[in-house]
Amino acid sequence: MTMTDQPPAIDKEQLRRKYQEERSKRLRPDGNDQYLQIKSQLAHYLDDPYTPLIERAPKTDHVTFAFIGGGFAGLATAARLTETGIKDVRIIEKGGDFGGTWYWNRYPGAQCDTASMVYMPLLEETGHMPSEKYAHAPEILAHCQRIGRQFNLYDNALFHTEVVSLDWDEAQSRWIIRTTRGDEFTAQYIGIGTGPLHVPKLPGIPGIERFKGHSFHTSRWDYDYTGGDPKGGLMEKLADKRVGIIGTGATSVQCVPYLARACKELYVFQRTPSSVDVRGNGPIDPDWFAGIATPGWQQRWLENFTANQAGGSAEEDLVQDGWTDLSKRIRAKITLLPREQRTVENMRAAFEDSDFEKMEEIRNRVDSIVRDRDTAKNLKAWYGQLCKRPCFHDAYLQAFNTPGTHLVDTDGKGVDVVTENGIVVAGKEYQLDCIIYASGFEVGTEYKRRAGFDLTGRDGVKLSDHWARGMRTKHGIHVNGFPNVFFVQPTQGANLISNVPHNLTEAARTIALMVGHARDNGFKEIEVTRDAEDRWVELLLTGVGRMIGGPDCTPGYYNNEGREPGPAAKLNVGHPAGALAYFKYIDGWRRSGQFEGVQFR
Ligand code: NDP
């Protein structure tokens with residue numbers, strides 16, 4: 001602070017230079033190809049450590065609705081369909097239970113980063129009160145199971161099952177589904193909600209297969225090896241172990257404090273630090289909850305959260321967290337401008353100013369917590385907050401004050417090599433008993449590779465061909481030439497990244513209404529017209545583009561690892577007027593009962 005108690009002025013030019021310097025260090029010619037696809041001799045990294053496989057006979061029957069993916073998308077859609085009276089909904093899921101992300105990610109400390117009140121779907125319908133402002137993973141997984149039970153989704157579900165092909169049967173107006181378990185059954189409708197981040201990836205470091213110690217990916221946590229449990233119980237088996245964790249993204253930020261507490265020595269191998277803002281978690285008071293949980297409460301909270309950031313101007317901020325804070329700062333700056341000066345350029349400037357301020361606070365926070373000066377220096381993130389996944393935690397930075405916990409900063413280069421005995425960085429070998437890969441999930445790879453299947457629609461057209469030059473949909477849900485298929489995901493809809501489930505629950509409403517309408521009126525097919533799909537894509541392209549992970553950002557999966565993403569990526573956007581506008585629009589579209597642009601036959 002200065003004598004006048006004002007924060008020191010920010011030298012914007014210097015910051016811009018520093019950000020570019022740090023970005024340049026990390027740019028690599030191989031972009032997304034730097035990562036290892038997990039297959040062949042590495043395939044064991046994908047094994048399910050949580051649920052044994054149960055043998056069953058292949059299915060050869062017919063269901064009204066088959067949904068691929070048993071996470072929030074599938075659960076919310078199936079729940080809404082059930083409410084509409086469509087009971088034979090079959091969820092096909094590669095995990096051993098419902099939960100999706102929350103089935104796989106059971107690492108210690110896993111927790112939602114968006115407030116539970118808006119993040120956890122169907123709270124009002126299930127009557128569940130989240131125990132904390134940011135619920136931990138076991139509670140979210142249990143909630144998924146609760147939805148499954150309440151809406152009777154277990155009996156029909158196929159777990160440990162992966163779809164290999166989806167073919168449209170023109171004569172019967174239905175889809176033929178084949179799976180890895182030998183199933184070959186039909187469904188009138190298909191829903192697809194496989195999630196954006198479900199295929200783990202490994203860093204492309206030479207020697208991974210040579211390591212003689214133990215190793216696993218964070219999404220397949222090996223509690224048999226570590227001891228402890230997903231509730232955060234002490235991992236007592238690590239007390240005599242030297243453990244290395246590669247990666248410092250949102251996953252690592254959450255599990256490092258638990259590892260620091262348990263390991264004899266912990267080495268955190270860092271290529272790029274995350275921005276780690278205040279978490280401020282705490283229990284939810286049942287008395288307070290009883291007061292606010294009046295009919296329609298969750299929808300009000302959802303709308304308020306969105307209004308506070310994505311193009312809205314809400315007076316009140318119910319959630320009050322890091323997501324709404326940045327948006328409020330930007331809005332405060334913009335409202336200071338006279339109306340005629342509220343241009344796109346000035347809005348971008350307001351965004352940059354607010355971001356600089358926020359990131360300075362986050363960097364200063366590191367200094368105020370981390371005792372070792374070198375470690376503190378290396379934990380500072382030099383990029384805009386939305387360049388990478390913003391993190392929020394109140395124990396991560398503190399973990400580096402624990403004796404035995406070491407940050408190994410690689411100055412943007414990454415780990416050099418894995419040997420039989422450990423990890424080498426800048427010529428120095430760190431001897432390890434265990435390597436944990438917190439290296440994230442495939443994002444920029446081809447849709448078909450991540451999904452594990454293609455769709456063959458009308459006239460034998462493959463979805464991979466229809467989307468060869470980028471995704472094309474109406475509302476992010478309907479695709480021309482692929483009747484009776486519904487995608488449940490954020491892109492080309494609201495694209496509200498700070499609260500993905502909100503996108504999914506809205507899509508679920510839309511789909512259930514349309515399927516109910518078809519049933520009530522004797523229609524067998526629902527399909528968006530080519531013209532409506534084209535017009536929607538044109539509308540999307542009138543927007544300013546993505547506000548997260550711009551081309552000037554430090555490389556990561558938000559910006560195609562810093563490489564020119566090509567024309568297809570321009571289509572990975574949401575409604576040009578923002579998420580709030582999209583939700584209002586889709587509500588009107590549904591209410592009109594006209595389903596403009598979609599044909600029922
Ligand atoms: P990320 O992809 O975000 O992080 C991967 C990490 O591995 C990065 O730190 C990356 O560094 C590092 N890395 C990659 N290659 C190397 C290498 N060769 N040497 C050293 N380090 C390397 O994966 P996460 O699992 O952390 O998170 C994935 C996403 O899942 C998040 O972005 C978020 O959307 C979601 N998530 C959400 C949570 C929540 O809501 N609570 C919690 C956890 C995850 P670099 O940054 O330089 O590429």
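All values derive from a computational prediction rather than experimental measurement. Each ligand, and each atom within it, is numbered from 1 in the order the structure gives. The figures that follow rest on heavy atoms only: side chains count, while hydrogens, waters and symmetry mates do not.
The heavy atom nearest to atom 8 (C) of ligand 1, out of those in T114, T248, N105, T272, is found in T248.
Given atom 27 (O) of ligand 1, the protein heavy atom at minimum distance is T251 OG1, 3.7 Å. Protein heavy atom nearest atom 23 (O) of ligand 1, with residue, atom name and distance: G440 CA, 3.1 Å. At the top of the distance list for atom 11 (O) of ligand 1, counting protein heavy atoms only, stands R271 NE, 3.6 Å. Protein heavy atom nearest atom 33 (C) of ligand 1, with residue, atom name and distance: R389 NE, 3.4 Å. For atom 7 (O) of ligand 1, the nearest protein heavy atom (residue, atom name, distance) is G247 CA, 3.3 Å. The single protein non-hydrogen atom nearest to atom 41 (N) of ligand 1 is Q111 O, 2.4 Å, given as residue, atom name and distance. With hydrogens left out, the protein atom closest to atom 28 (C) of ligand 1 is F441 CD1, 4.0 Å, a heavy atom.
Geometric assessment of R106 against the ring of Y50 yields a positive cation-pi assignment under the 6.0 Å and 45° thresholds. At least one test fails for R16 against the ring of Y19: distance under 6.0 Å to the centre or angle within 45° of the axis.
The proximity of T218 to ligand 1, defined as any non-hydrogen pair under 4.0 Å, does not occur for either the backbone or the side chain. Residue contacts with ligand 1 for P555 are absent, since no atom lies close enough (heavy atoms, distance under 4.0 Å). Contact annotation for S219 and ligand 1: no heavy atom of the residue comes within less than 4.0 Å of the ligand.
When each of F400, Y430, Y267, F269 is tested with H406 by the rule ring-ring contact (aromatic ring centres under 6.0 Å, His included), just one qualifies, namely Y267.
Checked for salt-bridge contact, R363 and E360 meet the test: a charged N lies under 4.0 Å from a carboxylate O. Taking 4.0 Å as the cut-off between side-chain N and carboxylate O, D416 and K428 do not count as a salt-bridged pair.
Using a 4.0 Å cutoff on heavy atoms, R26 does not count as a contact of ligand 1. Judged by the shortest distance from any of its heavy atoms, Y107 lies inside the 4.0 Å radius around the atoms of ligand 1. Within the structure, the closest approach of Q270 to ligand 1 does not fall below 4.0 Å when heavy atoms are considered. Using a 4.0 Å cutoff on heavy atoms, Y437 does not count as a contact of ligand 1.
Here's the thing with R28: none of its N/O atoms is less than 3.5 angstrom from an N/O atom of ligand 1. Considering backbone and side-chain atoms alike, A250 places an N or O below 3.5 Å from some N or O of ligand 1. At a 3.5 angstrom cut-off on N or O pairs, S252 does not count as close to ligand 1.
Distance alone, capped at 3.5 Å, places no donor-acceptor pair between the Q431 side chain and the G422 backbone.
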Checklist entry - Given D48 and H160, is the side-chain hydrogen bond (donor to acceptor under 3.5 Å, both in side chains) satisfied, shown in steps? => result CA-CA 9 Å; D48 180 353; H160 281 146; 2.7 Å; yes
Item to check | Pair L46-R220, side-chain contact (heavy atoms from CB on, under 4.5 Å): steps then yes or no | outcome: CA-CA 7 Å; L46 295 179; R220 305 287 189 275; 4.0 Å; yes
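Inter-residue side-chain proximity for I435 and F211 is flagged as met; some heavy-atom pair is nearer than 4.5 Å.
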